[in-house]
Amino acid sequence: MEKKKAKAVLEAILFTMGDSVEIDRLAAVIEEDKDTTVKLLEEMAADYQKADRGIGLTTFDNAVQMCTKSELYEYLIKIAKTPKKFVLTDTILETLSIIAYKQPITRLEIEKVRGVSCDHAVNRLLEFDLIAEVGRLDAPGRPLLFGTTEQFLRSFGVKSIEDLPELSAVQIEEFKQQAESEVEMQLDI
């Protein structure tokens, strides 16, 4: 396929899909290998970086998505409804961080780390599409495994899980102390 037409096809697919599309799938559609497809996408991304363009490409692990440039957001909210805001309480954020750093993880494993039930937090995170069921553990009862989603990556401005900040031993110890004090407060009630 001619280079210009391949870029047009990629642009049309990404625009129409709205969500991210795996690079392998894009390569198959334009009948090119993955490396050639990545080069075409990089050229497109460079074109979109120009000041007169309102869109850009965002890459997540092995997928790519067409997005509006963030500096134009103020204009979008003038015409669209204000996006739904997530209300992430400390409990929900703590549960999300456990899942992000230990994924894939079961509900029981989350509760072991937190020391308290996590049903509400997990349900809210599923509702916000920040986590998803990623399989089942090969153990009695076959419990569900949870992991983060692309929406999590978008929301927290990271391209992949490897980009999450590393936790220091001091931070881990502080988290343990906070969890223990939370358990003690629950027991006092």
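Count residues from 1 along the sequence.
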Indicate, with yes or no, if Leu93 and Tyr101 share a hydrophobic cluster defined by side-chain heavy-atom contacts under 4.5 Å among Ile, Leu, Val, Met, Phe, Trp and Tyr. yes
Cluster companions of Leu145 among Ile, Leu, Val, Met, Phe, Trp, Tyr (side-chain spacing under 4.5 Å): Val134, Leu137
So, taking the atom named CD1 in Ile131 and the one named OG1 in Thr149, what distance separates them when rounded to the nearest 0.5 Å? 8.5 Å
So, Glu43 and Lys7, do they make that salt bridge, N to O below 4.0 Å? yes
Atom of Gly54, atom of Leu72 and distance for their closest heavy-atom approach: CA-CD1, 3.4 Å
How about Leu57 and Tyr48: do any of their side-chain heavy atoms sit closer than 4.5 Å? yes
In this structure, CG of Leu88 is separated from OG of Ser97 (nearest 0.5 Å) by 11.0 Å
Between Lys39 and Asp35, does any NZ, NE, NH1 or NH2 come within less than 4.0 Å of an OD or OE carboxylate oxygen? no
Partners of Asp33 by side-chain hydrogen bond (donor to acceptor under 3.5 Å, both in side chains), sequence neighbours excluded? Thr36
Evaluate whether atom CD of Glu31 has more than 12 neighbouring non-hydrogen atoms of other residues, nucleotides or ligands under 6.0 angstrom away. no
Qualifying residue, where the test is side chain to side chain contact (heavy atoms under 4.5 Å, CB included) with Leu26 and the options are Leu40, Val38, Val21: Val21
Mind checking salt bridge (charged side-chain N to carboxylate O under 4.0 Å, His left out) for Glu22 and listing every partner two or more places apart, or none if nothing turns up? Arg25
Contacts of Thr59 that satisfy side chain to side chain contact (heavy atoms under 4.5 Å, CB included) - sequence neighbours left out: Val64
Report the residues that fulfil side chain to side chain contact (heavy atoms under 4.5 Å, CB included) with Asp163, sequence neighbours left out, ordered by chain and then residue number. Val158, Lys159, Ser160
Look only at the side chain of Thr16 and the backbone of Ile13, and say whether a donor-acceptor pair between them is shorter than 3.5 Å. no
Please round to the nearest 0.5 Å and tell me the distance separating atom CG of Leu96 and atom OG1 of Thr91. 12.5 Å
Compare all side-chain heavy atoms of Leu130 with those of Ser155 and state whether any distance is below 4.5 angstrom. yes
Under 3.5 Å donor-acceptor, Glu133 side chain and Leu144 backbone: no
Not counting sequence neighbours, which residues clear salt bridge (charged side-chain N to carboxylate O under 4.0 Å, His left out) with Asp47? List them please. Lys50
Looking at every non-hydrogen atom in both residues, tell me the closest pair between Ala6 and Ile30 and how far apart they are. O-CG2, 4.0 Å
Would Lys102 and Glu109 satisfy salt bridge (Lys or Arg N to Asp or Glu O under 4.0 Å), going step by step from the backbone distance to the final call? CA-CA 9 Å; Lys102 295 191 170 283; Glu109 291 169 325; over 6 Å; no
Any residue meeting salt bridge (charged side-chain N to carboxylate O under 4.0 Å, His left out) with Glu150, in chain and number order, not counting sequence neighbours: Arg154
Non-neighbouring partners of Thr89 that pass side-chain hydrogen bond (donor to acceptor under 3.5 Å, both in side chains), sequence neighbours left out: none
For Glu11, all residues meeting salt bridge (charged side-chain N to carboxylate O under 4.0 Å, His left out), sequence neighbours excluded: Arg53
Report the residues that fulfil ring pair (Phe, Tyr, Trp, His ring centres under 6.0 Å) with Phe60, sequence neighbours left out, ordered by chain and then residue number. none
In one Ile/Leu/Val/Met/Phe/Trp/Tyr side-chain cluster, 4.5 Å: Phe156, Val122: yes
Ile92 side, atom CD1; Cys118 side, atom SG - distance, nearest 0.5 Å: 11.5 Å
Report the C-alpha separation of Met44 and Leu10 in whole Å, then their side-chain angles, then the decisive distance to 0.1 Å, and conclude whether the side chain to side chain contact (heavy atoms under 4.5 Å, CB included) test is met. CA-CA 9 Å; Met44 290 170 60; Leu10 292 171; 3.9 Å; yes
Grab the two heavy atoms, one from Arg107 and one from Phe146, that are nearest each other, plus how far apart they are. NH2-CZ, 3.6 Å
Taking atom CD of Gln151 and atom CG of Asp19, what is their separation to the nearest 0.5 Å? 9.0 Å
Decide side chain to side chain contact (heavy atoms under 4.5 Å, CB included) for Val9 and Lys4; before the verdict, give the C-alpha distance in whole Å, the side-chain angles of both, and the deciding distance to 0.1 Å. CA-CA 9 Å; Val9 169; Lys4 233 177 174 177; over 6 Å; no
Side chain to side chain contact (heavy atoms under 4.5 Å, CB included) partners for Asp24, two or more places apart: Lys34
Arg142 backbone acceptor or donor facing Arg136 side chain under 3.5 Å: yes
Between Glu127 and Arg124, does any NZ, NE, NH1 or NH2 come within less than 4.0 Å of an OD or OE carboxylate oxygen? yes
With a 4.5 Å cut-off on side-chain heavy atoms, are Met17 and Met66 touching? no
Could you pull out all residues at least two apart from Ile161 that satisfy side chain to side chain contact (heavy atoms under 4.5 Å, CB included)? Gln103, Thr148, Phe152, Leu153, Leu164
Would you check if the side chain of Gln65 reaches a backbone N or O of Gly18 as a donor-acceptor pair within less than 3.5 Å? yes
